[in-house]
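Below is one structure; the comments refer to it alone.
As the structure is a prediction and not an experimental result, all values here were calculated from the model. As the structure lists them, so they are numbered: ligands from 1, and atoms in each ligand from 1. All residue numbers in this chain count up from 1 along the given sequence.
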Amino acid sequence: MKTLQVDLGDRRYPIFIDAGLLNRSDLLVPCIQGSRVAVITNTTVGPLYLERVLQVLAPWNPIKVILPDGEQFKTLEVLNQVFTALLTERCDRKTTLVALGGGVVGDMAGFAAATYQRGVPFIQIPTTLLAQVDSSVGGKTGVNHPLGKNMIGAFHQPQCVIIDTDTLASLPDNELSAGLAEVIKYGLIGDLEFFSWLEQNMDALLARDPQALAYAIERSCADKARVVAADEREAGLRALLNLGHTFGHAIETGVGYGNWLHGEGVAAGMCMAADLSRRLGWLKPEDVTRIQTLVRRARLPTHAPKSLSSTQLRELMSVDKKVEAGKLRLVLPKGLGQSVITADVQPALLLETLEQCRESA
Ligand code: NAD
Ligand code: GLY
């Protein structure tokens, strides 16, 4: 088993990574505080893995909360189901919440933990590749608003992250690819060696080679843990983890939550960011091609959908958590394997990218 640490002083926590961890009470039990436990999952993951987690938690007689499955249910209204279950069961401030599922369940359970009685502990058990390499680590929690993705939320770190790589066996192919978008992101923001490794190992990852997947998860979590430890609340450096997200969130919101996977939006968004960097002279055309090729090999989109106009995309991009005093700030590659955050992009250049990087363009 690989154990990494998210080094946040007295709030530091471990990330455990290996096959078969769902049955490991020795990992889960020490992270539980208080006498009550509630497991939050959804209608897809519940039938697959809930029973095994409940067995480990049997001494706590855990409460089960089964949410509807889908990005379109990542709302305050659906989150209220969690609060209703906790209040109905008279859960106190020491109740531990366990998030069992992908990023949607993790973000919602985490936000419930951040806000229920002003904060209770929680544990992440991510079951998608995307959640294992990104959303379960770092304490960003929240829900969507019809006007903007992840606009309502809180920072709240988990007690531990338990990554059972066996759970990826049941993941649909398109969801595996969505996770690979965030994996590629780590290469582009500061890990060129990893980017090259991904170029060499993309076929093995798509074939679900266990060693390749375990390595990609470990390296991604290590990269993310380093960034989070340095800048937990996104005062600066952490914003780099949003490479491709301003474009991607605009696509996700524009087409309607759930119609494009989050990772698909990020993939197209990274290619759009690369295109803009080329226009700024920050990225060589051959490096843009390398990025597009890797994204395409991961079976991910490189362009925004043609159903959204460049004007619509620009408008949607203005609802972004990186906007400061009305000014858009973008994460853009500056050389392959490095990215920067900038507020100095000429509007005309951005519009060129938005116009050119749509499916039909
Ligand atoms: P998801 O949670 O919707 O999961 C994808 C699909 O896979 C769902 O249908 C889910 O039920 C199913 N599923 C989950 N595990 C499975 C398994 N083992 N076998 C079969 N099916 C399984 O999507 P996601 O890609 O995991 O997460 C996307 C969400 O994460 C977005 O809402 C995004 O905003 C958020 N996110 C958050 C952060 C963060 O730092 N908090 C980072 C990245 C993304
Ligand atoms: N996925 C972006 C972040 O965790 O900061």
For the 3.5 Å polar cut-off, considering only N or O atoms, please tell me whether [X] and ligand 1 meet it.
X	result
Val45	no
Val137	no
Thr167	yes
Arg238	no
Thr141	no

(message) For Asn150, which part has a heavy atom under 4.0 Å from ligand 1: side chain, backbone, both, or neither?
(response)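 Only the side chain of Asn150 comes within reach of ligand 1.
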(message) For Glu175, which part has a heavy atom under 4.0 Å from ligand 1: side chain, backbone, both, or neither?
(response)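 Side chain only.
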Nearest protein heavy-atom contact for [atom]: which residue, which atom, what distance?
atom	answer
atom 15 (N) of ligand 1	Thr127 OG1, 2.7 Å
atom 34 (O) of ligand 1	Lys149 NZ, 2.6 Å
atom 12 (C) of ligand 1	Thr44 CG2, 4.3 Å
atom 28 (C) of ligand 1	Leu130 CD2, 3.8 Å
atom 20 (C) of ligand 1	Ser170 O, 3.1 Å
atom 3 (O) of ligand 1	Val104 CG2, 3.4 Å
atom 35 (C) of ligand 1	Asp107 OD2, 3.4 Å
atom 4 (O) of ligand 2	Lys224 NZ, 2.5 Å
atom 9 (O) of ligand 1	Asp69 OD2, 2.7 Å

(message) Can you classify the ring geometry of Trp197 versus Tyr215 as parallel (below 30°), tilted (30 to 60°) or perpendicular (above 60°)?
(response)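 Because their plane-to-plane angle lies in the 30° to 60° range, the rings of Trp197 and Tyr215 count as tilted.
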Per-atom contacts, ligand 1 versus [X] - under 4.0 Å to a heavy atom:
X	value
Lys224	40 (O)
Glu182	43 (C)
Tyr49	18 (N)
Asn42	10 (C), 11 (O)
Glu71	29 (C), 31 (C), 32 (O)
Leu48	19 (N), 20 (C)
Gly103	2 (O), 24 (P), 26 (O), 27 (O), 29 (C), 30 (O)

(message) Tell me which one of Leu213, Ile163, Val183 satisfies side-chain contact (heavy atoms from CB on, under 4.5 Å) with Val133.
(response)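 That would be Val183.
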(request) Among Val288, Thr353, Leu350, find the one that has a side-chain contact (heavy atoms from CB on, under 4.5 Å) with Arg279. (result)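 Answer after filtering Val288, Thr353, Leu350: Thr353.
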(request) Measure the CD1-CD1 distance between Ile15 and Ile162 for me, rounded to the nearest 0.5 Å. (result)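 Nearest 0.5 Å value for the CD1-CD1 distance: 12.0 Å.
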(request) Can you measure from OG (Ser35) to NZ (Lys94) and round to the nearest 0.5 angstrom? (result)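 Reported to 0.5 Å precision, the distance equals 9.5 Å.
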Tell me whether [X] contacts the main-chain N or O of [Y] through its side chain, where contact means a donor paired with an acceptor under 3.5 Å.
X	Y	answer
Tyr257	His145	yes
Thr96	Gln33	yes
Thr141	Gly153	no
Thr165	Ala214	no
Asn42	Asp69	no

(message) Is it true that Ser170 and Tyr49 share a donor-acceptor pair across their side chains at a distance under 3.5 Å?
(response)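 Per modelled atom types, Tyr49 and Ser170 side chains form a pair under 3.5 Å.
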Any idea which of [options] brings a heavy atom closest to [atom]?
atom	options	answer
atom 3 (C) of ligand 2	Lys140, Arg233, His262	Lys140
atom 38 (C) of ligand 1	Ser135, Gly70, Ser136, Gly153	Ser135
atom 14 (C) of ligand 1	Leu261, Thr128, Val105, Asp134	Thr128
atom 32 (O) of ligand 1	His262, Gln72, Lys74	Lys74

(message) Salt bridge or not between Asp203 and Arg297? Use side-chain N to carboxylate O under 4.0 Å.
(response)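 Salt bridge flag = yes for Arg297 with Asp203.
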(request) Show your working on side chain to side chain donor-acceptor pair (under 3.5 Å) between Thr95 and Glu89 and close with a plain yes or no. (result) CA-CA 11 Å; Thr95 303; Glu89 295 287 339; over 6 Å; no
(message) Show, in sequence, the C-alpha distance, side-chain angles and deciding distance for Lys185 and Asp134, and conclude whether the side-chain contact (heavy atoms from CB on, under 4.5 Å) test is met.
(response) CA-CA 10 Å; Lys185 176 188 79 178; Asp134 193 353; 2.9 Å; yes
(message) Counting only heavy atoms not in Glu193 (residues, nucleotides, ligands), do more than 12 fall under 6.0 Å from its CD?
(response)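 Open: at most 12 neighbouring heavy atoms sit under 6.0 Å from CD of Glu193.
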(request) Would you check whether Glu252 reaches within less than 4.0 Å of ligand 1, judged by its heavy atoms? (result)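 No.
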(message) Taking only non-hydrogen atoms of His249, do any sit less than 4.0 angstrom from ligand 1?
(response)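 For ligand 1, residue contact (heavy atoms, under 4.0 Å) with His249 is absent.
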(message) Quick check on side-chain hydrogen bond (donor to acceptor under 3.5 Å, both in side chains): which of Glu234, Lys321, Arg329 does Asn242 satisfy it with?
(response)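 Running side-chain hydrogen bond (donor to acceptor under 3.5 Å, both in side chains) over Glu234, Lys321, Arg329 with Asn242 returns exactly one hit, Glu234.
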(request) Using distance alone, decide if ligand 2 has a nitrogen or oxygen within less than 3.5 Å of any nitrogen or oxygen in Asp134. (result)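 Yes, there is a polar N/O contact under 3.5 Å.
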(request) Evaluate the criterion side-chain contact (heavy atoms from CB on, under 4.5 Å) for residue pair Lys334 and Thr342; output intermediate values, then yes/no. (result) CA-CA 11 Å; Lys334 200 167 188 177; Thr342 178; over 6 Å; no
